[in-house]
Amino acid sequence: MMMMTTHLRSRNHHLKSTSTSIYIAAFSLSVAPSAVEPFLTPLSHHHLSAVESKDQLIKSYTVTLPIKPWPQRLYPKRLVFMITRQQNLDLVLQIFDHACKYHPGFQHNHDTYHAIIHKLTRARVFGPIETLLAQLHQLNIKCGENLFITILRNCGIASWPERALRTFLRIKNFGVERSVRSFNTLLNALIQNHQYDLAHALFKNCRKKFDIIPNVFTCNILIRALCKKNDVENAIRVLDEMPSMGMIPNVVTYTTILGGYVSRVTWFVRRRCSVRFLIEDGFLMRRHIRY
């Protein structure tokens, strides 16, 4: 009889501890919706046994600061400064996340999102960018075109032309009108990664598809792409069409075309010299061959 009573008490204690663990897990999910929270201090068994109510649990819920000292008064401008000066990218993400979740009264704005996106994309860390853009869209924060220009430029540097194109096509989803500035940045990103045909196709359809009027910088970018493709004839055609589009070619336009001609001549001379070398080398080889 005594053994049965002891068994029942042990079973009740196990059920009670199990229900407490489930409650704590559910509460943790309600407080922190993300699957991984790097800022939370692990709660010990002795700490949980001393908690008597939910209000007391909330008061005892401690958060580890990502950096110390953490400012008592935090404004978006101060957070931008903290993000900019921090070299550890993991800490940058923790600072950004900690500010909105745990600092009383703080709310992110366009400047804070631009700062962290610039920091990550410049370091070629594009993993969190989609999450940050989704948050930006969900919070309905008004942002400018410069934020997307930053992403486009760094996509080109990081050899991500497909991501650059997808980003450009999604700009209007954030309530931002695409302009020739973002379009020129996209063309630059494509040319940096040798996507010359795609850049040319986008240029031809920029008015019809995107309602963007190209400028002299757009034409210079296209001429550079055509010259890199060794298509100087079409580059000259774009030069001839610029006045009809209301644009006056500048020094960059002419020097780019001259550079295209120089590259073509250099390529032709190198090829001719290599062919001549092969012929002469073959002739010498035939002279030394004994049959």
Euclidean distance, [Y] [atom2] relative to [X] [atom1], rounded to 0.5 Å:
{"X": "Gln192", "Y": "Arg153", "atom1": "CD", "atom2": "CZ", "value": "10.0 Å"}
{"X": "Cys100", "Y": "Gln135", "atom1": "SG", "atom2": "CD", "value": "7.0 Å"}
{"X": "Ile95", "Y": "Thr112", "atom1": "CD1", "atom2": "OG1", "value": "13.0 Å"}
{"X": "Asp197", "Y": "His194", "atom1": "CG", "atom2": "NE2", "value": "13.0 Å"}
{"X": "Ile221", "Y": "Leu226", "atom1": "CD1", "atom2": "CG", "value": "12.0 Å"}
{"X": "Ile223", "Y": "Ile236", "atom1": "CD1", "atom2": "CD1", "value": "8.0 Å"}

request  = Take Asn220 and Asn250, measure what side-chain contact (heavy atoms from CB on, under 4.5 Å) needs, and give me the verdict at the end.
outcome  = CA-CA 9 Å; Asn220 288 344; Asn250 55 18; 3.2 Å; yes
Pair Arg170 + Glu130: basic N to acidic O under 4.0 Å = yes
request  = Sequence neighbours left out, what passes side chain to side chain contact (heavy atoms under 4.5 Å, CB included) with Arg122? Give chain and number order.
outcome  =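 In terms of side chain to side chain contact (heavy atoms under 4.5 Å, CB included), with neighbours along the sequence ignored, Arg122 is linked to His118, Asn154.
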[X] versus [Y]: any side-chain heavy-atom pair under 4.5 Å?
{"X": "Phe148", "Y": "Cys143", "answer": "yes"}
{"X": "Ile67", "Y": "Gln86", "answer": "yes"}
{"X": "His108", "Y": "Phe96", "answer": "yes"}
{"X": "Lys77", "Y": "Asp111", "answer": "no"}
{"X": "His110", "Y": "Pro76", "answer": "no"}
{"X": "Phe126", "Y": "Leu120", "answer": "no"}
{"X": "Leu139", "Y": "Gln107", "answer": "no"}
{"X": "Gln94", "Y": "Asp97", "answer": "no"}

inquiry  = Set out, in order, the CA-CA distance, both residues' side-chain angles and the distance that settles side-chain contact (heavy atoms from CB on, under 4.5 Å) for Leu202 and Leu190, then state yes or no.
reply    = CA-CA 10 Å; Leu202 290 172; Leu190 295 176; 3.4 Å; yes
Check whether [X] and [Y] end up in the same hydrophobic cluster, where Ile, Leu, Val, Met, Phe, Trp and Tyr are linked by side-chain heavy atoms less than 4.5 Å apart.
{"X": "Leu169", "Y": "Trp160", "result": "yes"}
{"X": "Leu239", "Y": "Leu258", "result": "no"}
{"X": "Leu147", "Y": "Ile157", "result": "no"}
{"X": "Leu187", "Y": "Val252", "result": "no"}
{"X": "Ile149", "Y": "Ile171", "result": "no"}

query = Which residue pairs pass the ring pair (Phe, Tyr, Trp, His ring centres under 6.0 Å) test with at least one member in residues 210-237, sequence neighbours excluded?
reply = Phe168-Phe210
key: Pairs meeting criterion ring pair (Phe, Tyr, Trp, His ring centres under 6.0 Å) with involvement of residues 230-254, two or more places apart   = none
Minimum heavy-atom separation for [X] and [Y], please, with both atom names.
{"X": "Val125", "Y": "Ile129", "answer": "O-CG1, 3.9 Å"}
{"X": "Leu74", "Y": "Leu79", "answer": "CD1-N, 4.1 Å"}
{"X": "Val80", "Y": "Ala115", "answer": "CG1-CB, 3.9 Å"}
{"X": "Ile191", "Y": "Ala199", "answer": "CG1-CB, 4.2 Å"}
{"X": "His103", "Y": "Pro71", "answer": "CE1-O, 3.3 Å"}
{"X": "Ala189", "Y": "Leu152", "answer": "CB-O, 3.8 Å"}

task = Assess whether side-chain contact (heavy atoms from CB on, under 4.5 Å) is satisfied between Trp70 and Met82, documenting all intermediate values.
result = CA-CA 10 Å; Trp70 183 266; Met82 294 167 62; 3.7 Å; yes
remark   = With sequence neighbours left out, the residues meeting salt bridge (Lys or Arg N to Asp or Glu O under 4.0 Å) with Lys119 are none
inquiry  = Just to verify, what does Arg181 make a salt bridge (Lys or Arg N to Asp or Glu O under 4.0 Å) with, not counting sequence neighbours?
reply    =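 Here the qualifying residues are Glu145.
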ask   = Distance only, no hydrogens: is a donor on one side chain within 3.5 Å (strictly under) of an acceptor on the other, for Asn188 and Thr185?
value =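 Per modelled atom types, Asn188 and Thr185 side chains form no pair under 3.5 Å.
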Tell me, yes or no, whether the heavy-atom count around [X] atom [atom1], taken from other residues, nucleotides or ligands under 6.0 Å, exceeds 12.
{"X": "Ile213", "atom1": "CD1", "result": "no"}
{"X": "Asn205", "atom1": "CG", "result": "yes"}
{"X": "Asp211", "atom1": "CG", "result": "no"}

ask   = Under 30°, 30 to 60°, or over 60°: which ring-plane class applies to Phe174 and His137, parallel, tilted or perpendicular?
value =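 Ring orientation, 0 to 90° scale: perpendicular.
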task = Quick one: sort the His200 and Phe203 rings into parallel, tilted or perpendicular, breaks at 30° and 60°.
result =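 Correct class here is tilted.
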task = Let me know which of Asn146, Asn109, Thr150 forms a side chain to side chain donor-acceptor pair (under 3.5 Å) with His114.
result = Thr150
CA sep, side-chain torsions, deciding dist, call: Val238, Thr253, side-chain contact (heavy atoms from CB on, under 4.5 Å) = CA-CA 10 Å; Val238 174; Thr253 312; over 6 Å; no
Within residues 231-242 or reaching into it, pairs that qualify as salt bridge (Lys or Arg N to Asp or Glu O under 4.0 Å) - sequence neighbours excluded = Glu233-Arg264
